Peer 1: 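Below you will find the structure I want to go over with you.
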Amino acid sequence: MKITLVRGDITEQRAEAIVNAANSSLMGGGGVDGAIHRRGGPEILEECRKLRAAHYGKGLPTGQAVATTAGRLAARWVIHTVGPVHSASEDRSELLASCYRESLRVADSLGAASVAFPAISTGIYGWPMDDAARIALDAVRESGAAVDDVRFVLFDADAYGVFEARL
Ligand code: AR6
C-alpha cells in the first residue's frame, strides 16, 4: 500500500473513492460533509436517505462506514463514516481508528484501488490534529486492506505539516 499526503480540497480528488467525515444522520452538515454534498449534487443525499430508511433507522453508528454514489464528483464512490467527537475525559481513539479500518473494508468490498481520506474528526468534532494523524496513519498501515493507493487530503498547511511529521 502506498500512502500519500496531499494538500487541498478532497472534493477535487480523482481517487476512486473519497471518504466523507459525516454524522450519524447521513443527511449532510458542514466541513467536508457540506462540501461533498454541495459539489456532488443531490444524488448522494438521495442514496443516503434510502440507506437510512433501509438499514440505519437510528443513524449510522460512530466508527462505521457505508458507500453511496459520488454523484457529480470525479470519484466513483463516497464512503461515509462517522468520527467520534473528541473527549478530554474518555478515550475514543478506537472509534476513530475504526472509521479508517471500516472505510477501507468498504473500499475493498467495492474493489476501489484508490481511496482519499480527510482528517476525520479534526474539524467540528474537535480532535487534536497530531493525535488524529497518529491514529489515522497507524489504522491505515495496520489495516491489511487490499487498496493500494491511500491519500490523506489535508485542507491547510498546518494539517499537512502534522501528517508529514508523523509519516
Ligand atoms: N477537503 C479536505 N479537508 C477538509 C475540507 C475539504 N473540502 N473541508 C474541511 N476539511 P470536518 P469532523 C478539513 O469538520 O471534525 C460535519 O458537519 C477540516 O479542516 O469536516 O469529522 C458533519 O456533518 C478538518 O481538518 O469533520 C459532522 O456533523 C477535517 O477536514 C461533523 O462536521 C475534518 O473536519 C464532522 O466533524
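Just so it is clear, the model here is predicted, and its values are computed rather than measured. Worth knowing before you read on, the calculation uses all heavy atoms, side chains too, and leaves out hydrogens, waters and symmetry mates. In each ligand, atom 1 is the first atom listed, and ligand 1 is the first ligand listed.
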Peer 1: Answer yes or no: is there a side-chain heavy-atom contact under 4.5 Å between Val32 and Pro118?
Peer 2: yes
Peer 1: What verdict does the salt bridge (Lys or Arg N to Asp or Glu O under 4.0 Å) test give for Arg105 and Asp108, after you've listed the backbone C-alpha separation in whole Å, the side-chain angles of each residue and the deciding distance to 0.1 Å?
Peer 2: CA-CA 5 Å; Arg105 193 182 56 74; Asp108 275 355; over 6 Å; no
Peer 1: What is the ring orientation for Phe152 with Phe163, classed by angle as parallel under 30°, tilted 30 to 60°, or perpendicular over 60°?
Peer 2: tilted
Peer 1: Tell me the side-chain hydrogen bond (donor to acceptor under 3.5 Å, both in side chains) pairs involving residues 1-10, sequence neighbours left out?
Peer 2: Asp9-Thr11
Peer 1: Please give the N or O to N or O pairs under 3.5 Å between ligand 1 and the protein, distances rounded to 0.1 Å.
Peer 2:
from, atom 1, to, atom 2, distance (Å)
ligand 1, 1 (N), Ile10, N, 2.9
ligand 1, 7 (N), Asp9, OD1, 2.9
ligand 1, 14 (O), Ile124, N, 2.8
ligand 1, 15 (O), Thr122, N, 3.4
ligand 1, 15 (O), Gly123, N, 2.8
ligand 1, 15 (O), Ile124, N, 3.1
ligand 1, 15 (O), Tyr125, N, 3.0
ligand 1, 17 (O), Gly30, N, 2.7
ligand 1, 20 (O), Val32, N, 2.8
ligand 1, 21 (O), Ser121, N, 2.8
ligand 1, 23 (O), Asn23, ND2, 2.6
ligand 1, 23 (O), Asp33, OD2, 2.7
ligand 1, 25 (O), Thr122, OG1, 2.6
ligand 1, 28 (O), Asn23, ND2, 3.4
ligand 1, 28 (O), Tyr125, OH, 3.3
ligand 1, 34 (O), Gly123, N, 3.3

Peer 1: Output every pair passing side-chain hydrogen bond (donor to acceptor under 3.5 Å, both in side chains) with a member in residues 155-167, not counting sequence neighbours, ordered by first then second residue.
Peer 2: Asp130-Arg166
Peer 1: Using residues 54-64 as the side-chain source, report each donor-acceptor pair under 3.5 Å to any protein atom, sequence neighbours left out, with the distance given to one decimal.
Peer 2:
none

